[in-house]
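To find a chain, count down the sequence lines: A is the first, B the second, and so on, and within it residues start at 1. Please read all numbers here as calculations on a predicted model, not as lab measurements. As a basis for the values below, the full set of heavy atoms in this structure was taken, side chains included, without hydrogen atoms, waters or symmetry mates.
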Amino acid sequence: MIQELLTEKSIDAIFELFGAKLPAKDITIQRTISNFREQGDYSLVVFPLLKISKKSPEETANLIGKKIMESTPEIESFSVIKGFLNLKLRASFWISFLMGNYQAQRFGLNDNQVDETIVVEFSSPNTNKPLHLGHIRNNLLGFSVSKILQASGKKVVKVNLVNDRGIHICKSMLAWKLWGNNSTPASTGKKGDKLVGDYYVLFDKKLKEEIAGLKLKGLSEEESLAKSTLMSEARKLLVLWEQKEPATRELWAMMNGWVYDGFDSTYKSLGIDFDRIYYESDTYLLGKSIVEQGLQSGVLFRKEDNSVWIDLTDEGLDEKLLLRADGTSVYMTQDLGTAQLRYKDYHPDGFIYVVGNEQNYHFDVLKLVLKKVGKDWAEKIYHLSYGMVELPEGKMKSREGTVVDADDLVEEMISTAKEMTLELGKIDDFESEEAMELYRKVGLGALKYFILKVDPKKNMVFNPSESIDFNGNTGPFIQYTYARIKSVLRKAELKDIEFKRDIDLQQKEISLLILNYSFPQIVKQAAEEYSPSVIANYLFELAKEYNQFYHEHSILKEEDEQKRSFRLALSLFTSTNLLNGCELLGIEMPERM
RNA sequence: GGCCCUGUAGUUCAAUGGAUAGAACGGAAGUUUCCUAAACUUUAAAUAUAGGUUCGAUUCCUAUCGGGGCUACCA
C-alpha cells in the first residue's frame with residue numbers, strides 16, 4: 001500500500017537528514033484533508049519530528065519533502081502547509097493502479113487464505129418470545145461480522161445457541177397446559193413463536209394477579225413469589241423436564257418446534273443463516289459435569305441448601321450461583337457446557353459471542369469460571385458486546401407493549417419501499433415478481449444499513465413513529481448509486497476499454513479513485529474492530545463521492561476516447577466495491593431501481 | 001452503595017492524539033431540454049462543565065453534573 005511506502009520513505013529521509021531511525025509507528029501519514037487536495041493526496045504530520053530535526057515545522061517539512069521526492073518516483077510534487085507535508089502522487093500511478101484492478105471481481109477481499117478458525121455465536125434466542133428489534137441488531141451484527149472476518153482471510157463458523165430449556169420455557173408450557181385449550185399454530189393461524197410468546201405473557205399476567213392477591217394478605221414481594229402456586233408449578237415442571245419425564249418432554253418438544261418454524265421464517269426474511277445450531281438442552285449436562293469437576297477440585301463450593309457457587313470476590317466480583325438448590329442448572333451452567341462443547345467441536349483460534357452489553361458481567365464471570373476450572377482456552381473468548389436499541393422514550397418494554405416486533409418491522413420496511421418506488425415510477429416495465437424482489441432488497445437494505453452504520457458498542461435510538469429514511473445517508477442511497485452505475489455501464493457496452501497512463505485527471509476523479517483504492521484497508525480495519533459500521537460509513541462516502549463525480553463529469557458523452565474509457569473503468573471499479581462492501585453488510589444490490 | 005458503559009448541530013450518526021469537528025434528516029434557497037433528481041449545489045446550526053497531560057485534546061487522565069446497564073436460585 002502507498003501509505004506504507006510513504007512511511008518507509010519518510011523514515012529513510014528522516015534518518016538521512018537528522019540521523020535518527022524512527023519506528024513506523026512514530027510516523028503519521030494520513031489522507032490529506034479535502035481542502036488541500038489540490039496540494040496533496042497524503043500528508044505527513046511533522047510536529048512530532050521537531051524534537052529530532054531541531055528546526056521549525058516548515059523547514060523540517062521542506063527538507064523531508066525534498067528528500068522524499070528524490071527517492072520516490074511516484075511523487076509528483078509536495079507542499080508545506082502549517083506543519084503538514086502534503087505529497088501529491090503522479091496521475092500515472094493512480095491510472096496504472098486502476099488498469100490493474102478495475103476488472104477484479106473481489107478487490108480487497110481475501111477469500112482463500114484460511115489462517116485461523118473463528119466461531120461466531122449470534123442470535124441466541126430464547127424460545128419463549130418472538131424476535132424483536134434488539135434481536136435484529138444482534139443478527140445483523142453477527143452475520144456481518146462473520147462475513148467481514150471471512151473476507152479478511154479467516155475460516156468462520158456461524159453458530160446459533162438456542163436457549164430452549166429453563167424456567168422461562170416452563171412458564172409458557174404451564175400457561176398453555178392451563179389455559180391453552182390445545183391451541184396450535186395451525187388451529188389459530190398464528191406464527192409459532194408468536195403463539196408461544198402469548199402464553200409466556202399470559203403466565204406473567206396470571207402470576208402478577210396471584211402475587212397481588214398474596215400481597216393483600218400481608219406478604220412481601222419475595223414471600224409471595226416463594227408461595228406462588230404458579231411459580232412452584234413452573235419449577236416442578238423444570239424438575240420434571242430435567243428428569244426427562246415423557247409427557248413434559250413431549251409438550252416441550254412440540255412447543256419448541258412451533259417456535260423454530262417461526263424463527264426460521266424470520267431468519268429467512270432477514271437473509272440470515274447459520275452453519276451450526278446448538279441447543280442448551282444438549283449442553284447443560286456437560287455444564288453440570290464441569291461444575292462437578294470444579295467441586296471435586298475445590299474451586300467451587302456447596303452451600304448448606306445444596307446450591308453450588310463460585311467465589312470471585314478476589315477478582316472484585318461476587319459469589320456466583322452455578323447450580324440451584326434443587327440441582328437444576330442456570331444460565332451460567334449451560335454456557336459453561338456450550339463453551340466446552342464448542343471447543344471440542346472446532347478447537348477454534350477464537351470464540352466470538354455477539355451478545356448485548358447488559359451481559360458484560362456474565363461474560364466476565366464465564367471467562368473466570370472457565371479459567372478457574374482449568375480451561376486455558378478461556379482467554380480466546382471475546383464478548384462482542386453491543387449497545388441496546390432504544391426508543392425515544394427509553395427501553396422497549398413488553399409490559400407497555402412498546403416492543404418492536406422483527407417480522408412487523410421487516411414487513412413495514414418492504415411496504416414503505418414499495419410505496420416509494422411506485423411514487424417514483426421508474427420500474428413500470430418490471431414483472432410483478434421482479435418488483436417484489438426490488439421492494440424486498442430496498443426495504444431490507446434500508447433497515448440493515450440503518451442498524452449497521454452505528455458503532456456496535458453504542459446504544460442507538462429507533463423512532464417507530466417516523467419511518468427509517470430512504471434518502472441521504474441510507475442503504476437505498478448506496479443501492480441507488482450502484483443501480484445508476486449499472487445503467488451507465490449497460491449503455492456503454494464495455495467491450496474495448498483502453499486508456500493510457502498519461503490522461504489528465506480531474507480532482508474528483510483522483511479522489512474517487514483513491515477512495516476505491518482504500519477499500520482493502522477498510523475491510524481490514526472493520527475486521528480488527530469487529531465493526532460493520534466502518535464498512536457502512538465507507539460505502540456511504542464512496543457512493544457520495546461517485547455521485548459528485550457523476551454530476552461534475554459526463555461519462556458516455558465525453559468526447560476524448562481515453563477519458564471516456566477511464567471514467568467507465570472507474571465506474572465499473574466503484575460498482576464492484578459498492579457491491580462487495582454491501583455484501584459484507586448482508587445488503588443485496590438491485591441492478592435497477 | 002459497588003462495578004461497567006455513555007454525553008458532539010433541533011434530531012439520528014461520523015471523526016488511528018493532528019489542519020478550519022464531518023454527514024444525513026429536518027429548516028432556508030437553488031439545479032431536470034444533459035449518462036437514473038432515491039441525485040447534486042448553496043446556507044444557518046454542535047464537542048455537558050471545570051481542571052490536567054501534550055507542540056496539538058471530541059479523543060487520554062481527574063473531578064462535577066446528566067443518561068443507561070449490571071449487581072437474580074430469569075435467560
Side-chain angles (χ1 to χ4, degrees), chain A residues 25 28 30 32-36 43 45-48 50-51 57 81-84 86 124-126 128-129 163 165-169 171 235 280 303 305 307-309 316-318 320-326 328-332 334-335 356-362 364 385 387-388 390 392 394-395 417 420-421 423-424 426 442 446 450 453-455 457-463 466 468-481 483-492 525 529 533 536-537 540-541 543-544 547-548 550-558 567 571 592-593:
Chain A
K25 68 170 176 58
T28 310
Q30 61 192 26
T32 303
I33 60 166
S34 54
N35 311 39
F36 302 126
S43 302
V45 186
V46 300
F47 292 108
L50 302 184
K51 277 182 197 148
I81 302 170
K82 289 196 288 185
F84 290 84
N86 304 313
S124 310
N126 295 341
N128 60 334
K129 282 180 192 169
N163 299 301
R165 61 162 298 285
I167 190 73
H168 54 299
I169 312 298
K171 289 178 183 176
R235 276 192 290 264
E280 288 200 338
K303 287 195 177 173
D305 66 358
S307 55
V308 178
W309 298 73
L317 305 177
D318 298 321
K320 188 81 189 172
L321 176 87
L322 296 177
L323 280 183
R324 292 194 188 93
D326 62 10
T328 56
S329 61
V330 290
Y331 180 37
M332 186 62 71
Q334 296 157 183
D335 253 11
N357 62 11
E358 73 272 17
Q359 292 195 33
N360 287 353
Y361 182 73
H362 172 81
D364 288 344
S385 159
M388 319 212 322
E390 288 175 343
K395 223 179 154 176
M420 301 273 305
T421 308
E423 209 173 295
L424 290 167
K426 288 196 241 178
V442 173
F450 175 80
K453 77 169 180 194
V454 182
D455 181 344
K457 290 193 295 287
K458 295 195 177 175
N459 286 1
M460 60 180 292
V461 177
F462 169 78
N463 189 345
E466 40 186 83
I468 293 175
D469 273 322
F470 284 70
N471 297 320
N473 186 356
T474 66
F477 172 80
I478 296 167
Q479 291 171 317
Y480 167 77
T481 308
R484 182 182 234 186
I485 297 176
K486 283 302 198 180
S487 166
V488 172
L489 295 178
R490 273 192 300 272
K491 290 187 176 153
Q525 188 195 343
E529 294 175 11
S533 71
N537 288 309
F540 173 64
E541 212 185 320
K544 196 171 171 51
N547 281 321
Q548 290 169 355
Y550 181 90
H551 276 267
E552 277 182 36
H553 307 291
S554 56
I555 301 165
L556 298 176
K557 298 208 165 85
E558 172 59 49
R567 286 177 190 163
S571 297
R592 281 183 58 193
M593 67 185 277

C4(B), A75(B), C35(B): which one has an atom nearest the side-chain heavy atoms of Gln334(A)?
A75(B)
Base, sugar-phosphate, or nothing for Met593(A), non-hydrogen atoms under 4.0 angstrom?
base
Ignoring backbone atoms, establish whether Gln548(A) has a side-chain N or O less than 4.0 Å from OP1 or OP2 of U41(B).
yes
Atom C1', compared across A57(B) and U47(B): separation rounded to whole Å:
11 Å
Using the C1' atoms only, state how far A38(B) lies from C4(B), rounded to an integer number of Å.
42 Å
Counterpart base for G1(B), defined by Watson-Crick or G-U wobble contacts under 3.5 Å:
U71(B)
May I ask you to say whether Asp455(A) pairs ionically with Lys457(A), meaning some side-chain N is under 4.0 Å from a carboxylate O?
yes
Parallel, tilted or perpendicular: which fits the ring planes of Phe540(A) and Phe477(A), with parallel below 30° and perpendicular above 60°?
tilted
Closest nucleotide among C70(B), U16(B), U36(B) to the Tyr480(A) side chain:
U36(B)
Counting just side-chain N and O atoms, does Lys491(A) come under 4.0 Å of either OP1 or OP2 of U36(B)?
yes
Using a cut-off of 4.0 Å on non-hydrogen atoms, how would the nucleic acid contact of Lys486(A) be classed: base, sugar-phosphate, or nothing?
nothing
Side chains of Glu529(A) and Gln525(A): do they bring a donor and an acceptor to under 3.5 Å?
yes
Which part of the nucleic acid, if any, lies within reach of Asn35(A) when heavy atoms closer than 4.0 Å are counted: base, sugar-phosphate only, or nothing?
base
Looking across every strand, which nucleic acid part, if any, lies under 4.0 Å from Phe450(A) by heavy atom: base, sugar-phosphate, or nothing?
nothing
When the distance from CD of Glu358(A) to C1' of C3(B) is rounded to whole Å, what number comes out?
16 Å
Criterion side-chain hydrogen bond (donor to acceptor under 3.5 Å, both in side chains) on His168(A) and Asn163(A), from CA distance to verdict:
CA-CA 10 Å; His168(A) 54 299; Asn163(A) 299 301; over 6 Å; no
Touch check for Ile167(A), heavy atoms < 4.0 angstrom, all strands: base, sugar-phosphate only, or nothing?
sugar-phosphate
Just compare C40(B), A19(B), A14(B) and give me whichever is closest to any side-chain atom of Val454(A).
A14(B)
Separation of atom CG in Asp318(A) from atom P in C70(B), rounded to whole Å:
15 Å
By the 4.0 Å heavy-atom rule, please label Asn86(A) as base, sugar-phosphate, or nothing.
base
Verify whether one side chain among Asn360(A) and Ser385(A) offers a donor that lies under 3.5 Å from an acceptor in the other.
yes
Name the residue closer to the 5' end of RNA chain B, choosing between Asn537(A) and Ile555(A) according to the nucleotide with the nearest heavy atom.
Asn537(A)
Counting only Watson-Crick pairs (N1-N3 plus N6-O4 or O6-N4) and G-U wobbles (N1-O2, O6-N3), all under 3.5 Å, who is the partner of U64(B)?
A48(B)
Is the ring of Phe84(A) stacked on the base of A19(B), with centres less than 5.5 Å apart and planes under 30° off?
yes
Side-chain N,O (Asn126(A)) to OP1/OP2 (C74(B)) below 4.0 Å
no
OP1 or OP2 of A24(B) under 4.0 Å from side-chain N/O of Lys544(A):
yes
Among the candidates U16(B), C13(B), C55(B), find the nucleotide nearest to the side-chain atoms of Pro48(A).
C55(B)
I want to verify a distance call: between C74(B), C70(B), A38(B), whose nearest atom is closest to the Met420(A) side chain?
A38(B)
For atom CG of Leu321(A) and atom C1' of U71(B), their distance in whole Å:
14 Å
Strand partner of A23(B), provided both Watson-Crick or wobble distances fall under 3.5 Å:
U12(B)
NA contact type, Glu280(A), heavy-atom cut-off 4.0 Å: base, sugar-phosphate, or nothing?
sugar-phosphate
Taking only the side-chain heavy atoms of Asp469(A) (C-beta and beyond), determine which of A37(B), C25(B), A14(B) contains the nearest atom.
C25(B)
Whole-Å distance, Phe47(A) CZ to C55(B) P, equals 12 Å
Name the pairing partner of G56(B), where a pair is Watson-Crick or G-U wobble with both distances under 3.5 Å, or state none.
none
Among A19(B), A14(B), U36(B), the one nearest any side-chain atom of Lys426(A) is U36(B)
Give me the distance, rounded to whole Å, that separates A9(B) from G56(B) when you measure between the C1' atoms they each carry.
25 Å
Could you tell me the separation between the CG atom of Leu556(A) and the C1' atom of U36(B), rounded to a whole number of Å?
12 Å
Taken to the nearest whole Å, CZ/Phe36(A) to P/G18(B) is 16 Å
Whether the side chain of Asn86(A) engages the backbone of Ser43(A) through a donor-acceptor N/O pair (distance < 3.5 Å, no angle test) should be reported.
no
For Val45(A), which contact category applies under a 4.0 Å heavy-atom criterion: base, sugar-phosphate, or nothing?
base
Ignoring hydrogens and angles, are the base of A19(B) and the side chain of Ser43(A) linked by a donor-acceptor pair under 3.5 Å?
yes
Return the nearest nucleotide to the side chain of Phe477(A); candidates are C13(B), C70(B), C40(B).
C40(B)
What's the CD-P distance between Glu529(A) and U16(B), to the nearest Å?
8 Å
Side-chain N or O of Lys25(A) closer than 4.0 Å to phosphate OP1/OP2 of U16(B)
no
For Glu390(A), report the nucleic acid contact type (base, sugar-phosphate, nothing); a contact means any heavy atom under 4.0 Å.
sugar-phosphate
Arg324(A) side chain near A75(B) phosphate (N/O to OP1/OP2, under 4.0 Å)
yes
Base-pairing assignment for G30(B) (Watson-Crick or G-U wobble, both under 3.5 Å)
C40(B)
Is the phosphate of U20(B) approached by Lys82(A) (side-chain N or O, under 4.0 Å from OP1 or OP2)?
yes
Check the phosphate of A37(B) against Arg484(A), side-chain N and O only, distance under 4.0 Å to OP1 or OP2. Yes or no?
yes
What nucleotide, of C13(B), C70(B), A38(B), holds the atom closest to the side chain of Asn471(A)?
A38(B)
Can you tell me the pairing partner of C35(B) across any strand shown, Watson-Crick or G-U wobble, with both distances under 3.5 angstrom?
none
Can you work out whether Ile33(A) or Asn360(A) has the more 5'-proximal nearest nucleotide on RNA chain B?
Asn360(A)
Rounded distance (nearest 0.5 Å) linking atom CD1 of Ile169(A) with atom CD1 of Ile167(A)
10.0 Å
At under 4.0 Å between heavy atoms, what does Lys458(A) touch on the DNA or RNA strands: base, sugar-phosphate, or nothing?
sugar-phosphate
Just how far, in rounded Å, is C1' of G26(B) from CG of Asn463(A)?
13 Å
